[in-house]
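Let me begin by presenting the structure, written as structure tokens, before commenting on it.
The shown structure was predicted, so the numbers you read here are calculated from the model rather than taken from an experiment.
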Amino acid sequence: MSTTTTNQDTYETESTTSLMHLDALALAGAAAVVSAVVMLLLGMFGAIGVYEGAVAMMEQWHLFFEPTVVGTVAGMVEAAVISFVLVYAFAWLYNVFAR
């Protein structure tokens, strides 16, 4: 009786030496959307008086955020832009080092 043995497990489909490549644009876009949604929620919570501590911190950290309609939209745009730029830079740098 002969049995065949391999060094690769059955659940492994790729080589273990391959490195993950991040799609920087997709990751940055997802981070921007999540940041904008969080700012929308904080703006809504601030308008009804819930989570006032978190709203106060966002007012300190973000230049345009206020718990008003205009301030919430401005904060959403600001958070989306900042998140997009930082996460895109992170993903690009990761891809440079992963080569």
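Across every non-hydrogen atom of Leu22 and Leu27, the tightest pair is CD1-CD2, 4.2 Å. The shortest heavy-atom contact between Asn95 and Met20 is OD1-O, 4.4 Å. In terms of heavy-atom proximity, Ala36 sits nearest to Ala80 at CB-CB, 4.4 Å. Of all heavy-atom pairs between Ala24 and Trp92, the closest is CB-N, 4.3 Å.
Applying the side-chain hydrogen bond (donor to acceptor under 3.5 Å, both in side chains) test to residues at least two apart or on different chains, the pairs with a partner in residues 64-91 are Ser35-Ser83. Under the side-chain hydrogen bond (donor to acceptor under 3.5 Å, both in side chains) criterion, no residue pair touches residues 49-58, with sequence neighbours excluded.
Phe45 and Val37 end up in the same hydrophobic cluster when Ile, Leu, Val, Met, Phe, Trp and Tyr side chains are linked at under 4.5 Å. Clustering ILVMFWY residues whenever any of their side-chain heavy atoms sit less than 4.5 angstrom apart, transitively, puts Met57 in the very cluster that holds Met39. Cluster membership for Val85 and Leu93, using ILVMFWY side-chain heavy atoms within less than 4.5 angstrom, is not shared. Phe65 and Met76 end up in the same hydrophobic cluster when Ile, Leu, Val, Met, Phe, Trp and Tyr side chains are linked at under 4.5 Å. Using a 4.5 Å cut-off between side-chain heavy atoms of Ile, Leu, Val, Met, Phe, Trp and Tyr, with links allowed through other members, Val55 and Ile48 fall into different hydrophobic clusters.
Applying the under-4.5 Å side-chain rule to Ile, Leu, Val, Met, Phe, Trp and Tyr, the cluster around Ile82 extends to Leu86. Chaining together hydrophobic side chains whose heavy atoms lie under 4.5 Å apart leaves Val70 on its own. Residue Phe64 shares its hydrophobic cluster (ILVMFWY side chains chained together at separations under 4.5 Å) with Leu63.
Interatomic distance, Leu42 CG to Glu59 CD, rounded to the nearest 0.5 Å: 10.0 Å.
With sequence neighbours left out, Ala98 forms a side chain to side chain contact (heavy atoms under 4.5 Å, CB included) with Leu19, Tyr94.
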